[in-house]
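First the structure, in the form of structure tokens, and then the observations on it.
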Amino acid sequence: MRVRFAPAPTGYLHVGGARTALYNWLFARHHGGVFILRIEDTDRERSTDESVQGIQYVLRWLDLDWDEGPAVGGPYGPYRQTERLDLYRRITEELAGRNSAYPCYCTPAELEQRRKQAMARGEPPGYDGRCRNLSDDERRAFEAEGRPKAWRFAAPGRDITVPDLVHGEATFPASDIKDFVILRSDGTPTYLLAAAVDDWKMEVTHVLRGEDLHSSTPRQVLIMEALGVERVPQYAHLPLLLGPDRAPLSKRHGSVSVEWFREQGFLPEALVNYLALLGWSYDDHTELFTRDQLVEYFDLARVARNPAVFDPEKLEWMNGHYIREAVDEPLAERIHEVLGRAGVDSDLETVRLAVPVVKERMKTLSEAVGLLRFLFQEVEPDEKARALIEKAGPKHFRLAAERLSALSEWTSEEIHQALDGLAEELGLSRTKAWQPVRAVVTGSTVSPPLPESIALLGRERTVARLEAAAA
RNA sequence: GGUCCCUUCGUCUAGAGGCCCAGGACACCACCCUCUCAAGGUGGAGACACGGGUUCGAAUCCCGUAGGGACCA
């Protein structure tokens, strides 16, 4: 079994593409097949080394390893290979020899005009087959004129049924399959030809791709059949991913690239788990899966047929879960990195100690910045904090400073006791006594547990902040 | 316009004729826990697009209608 994942060379992978990659990978791994990475390269404008790098980077981050590739399909970009162009041309000639392809001399303007006429007559648009039965004389005349020619596939005029591993069979009527272009006048193949030929040459047995390619399947199958390909791949079309507005996920939804999620502090495990569940389910209640379980359980028969809306909130919840589950040490390193990128100059040692108290209060790693900033920078109390500080008054903080500086041991237990003593002395509830202290020490009314926060901050800085507030 | 695909709580979904006056999860609400925020616990509200059939019985099968999407150019 040879499974191929073929993203377009857009330079990044959006979550829809990532899900397709994941399903291909899971399918291949589940069946012990070969997972092939092939970059679809039919777009002249965007194909660059960088885009291939970008896709590889993302797949590595998600830990989706491939066995072959990256192979590049299509003829463009830095991967432009004239021998490939020759291959597509030779195959087109071969098809022509079998009466399955013919040159078309119609100009874009002519095609456009006829399309409009057809529409006006209430007929479906699409090529009318005009050049299919050109006489030799007519053909010579066009050639003499120096007209550019494209090559079209000669549709066989019969219905075609293509099986699909998630949808079952779909029959496309002959009338819907017009003679389509396979080789452009500049000698480059269209997606249809390139995909069919490359899948054939790479001996691909399974193609899992987006639903948007569903209706192009019969044309690819037709090309392969005309070529006498013995084993046409099996197709599975995955339901599209939608944005919150129910429109297919695309660049205009903004932050949908996997790279963005990485930068925001999402864990690959969370993204993989979430994506796996967008269009597939195992049973009626299991939601959290390890990678091994995913590989073991994944089954195309349980892939949904309806499109799914991408829900960032559920992803966040799941990410929070994976952060809580994460091992402290590597997590500390990642948080250290995130802090650095946010311009907070932290030291790894302190972050290590802080991890246990922050890990269960984050949905994304980037939230660590707000939670831990007070440990590494001077604080500027926010509005709520300032109000609390003002209300409590200097005496509150002077007493707190005294009690804390008198401590013989600087541990969260001792600090806890000192703060309780403060509450007692002031005749206040714990909440009322502690919140102003929190405001002064962390600059916020929200923080990790106070005694732990103070322990992390250190005696000197804590007392200094309290004394400044008492002045 | 044609063809193909799709339609269960706001969202992701379970459901392949009786187990379903529809189950789980996220989000939401309430309560508990509690030094704040979380996490955790308990409870709550919330859906079978519509209309016809078939059947003793339909979310599940059939036919229509409506809506959405993709492709064709």
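Numbers restart at 1 for each chain; the letters A, B, ... are given by sequence-line order, proteins then strands.
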Touch class at under 4.0 angstrom, heavy-atom based, for A:P448 against every strand present: base
Sugar-phosphate only, base, or nothing, as touched by A:S447 at under 4.0 Å among non-hydrogen atoms: base
Sugar-phosphate, base or nothing in reach of A:P449, heavy atoms under 4.0 Å: base
Polar side chain donor-acceptor pair, A:T188 to A:D186, under 3.5 angstrom: yes
Sugar-phosphate, base or nothing in reach of A:T442, heavy atoms under 4.0 Å: nothing
Touch class at under 4.0 angstrom, heavy-atom based, for A:P218 against every strand present: nothing
Gap between atoms CG and P, on A:L241 and B:U11 respectively (whole Å): 15 Å
Using a cutoff of under 3.5 Å, can you pull out all pairs of nitrogen or oxygen atoms linking the protein to nucleotides 27-33 of chain B, with atom names and distances?
none

Straight-line distance of A:L193 CG to A:Y88 OH, nearest 0.5 Å: 8.0 Å
Protein-nucleotides 15-20 of chain B N/O pairs under 3.5 Å:
from  : atom 1 : to     : atom 2 : distance (Å)
B:G15 : OP1    : A:R302 : NH1    : 3.0
B:G15 : OP1    : A:R302 : NH2    : 3.4

Partners passing ring pair (Phe, Tyr, Trp, His ring centres under 6.0 Å) against A:H206 (at least two apart in sequence or in another chain): A:F27
Nucleotides 65-71 of chain B: protein proximity per nucleotide (B base, S sugar-phosphate only, - neither; heavy atom, under 4.0 Å): ----SSS
Spacing of A:D164 atom CG and A:E211 atom CD [to the nearest 0.5 Å]: 7.5 Å
Touch class at under 4.0 angstrom, heavy-atom based, for A:G279 against every strand present: sugar-phosphate
Base-pairing mate for B:G67 - Watson-Crick or G-U, with both contacts under 3.5 Å: B:C6
Who pairs with B:G1 - Watson-Crick or G-U, where each distance is under 3.5 Å: B:C72
Spacing between A:R305 atom CZ and B:U8 atom C1', to the nearest angstrom: 14 Å
Of the listed nucleotides B:U36, B:G23, B:C12, the one nearest the side chain of A:V309: B:C12
Salt bridge (Lys or Arg N to Asp or Glu O under 4.0 Å): pairs with one or both residues in residues 352-371 of chain A, sequence neighbours excluded: A:D328-A:K359, A:E329-A:R352, A:E349-A:R352
Spacing between A:Y274 atom OH and B:U13 atom C1', to the nearest angstrom: 11 Å
B:C21 - base-pair partner by Watson-Crick or wobble geometry, distances under 3.5 Å: none
A:W151: ring pair (Phe, Tyr, Trp, His ring centres under 6.0 Å) partners, not counting sequence neighbours: none
Geometric class of the A:W434/A:H416 ring pair [parallel <30°, tilted 30-60°, perpendicular >60°]: perpendicular
Assigned partner base of B:U54, Watson-Crick or wobble definition, under 3.5 Å: none
A:F172 side chain, from C-beta outward: closest of B:U3, B:U11, B:A14: B:U3
Nucleotide of B:C12, B:U36, B:G40 approaching A:V446 most closely (side-chain heavy atoms): B:U36
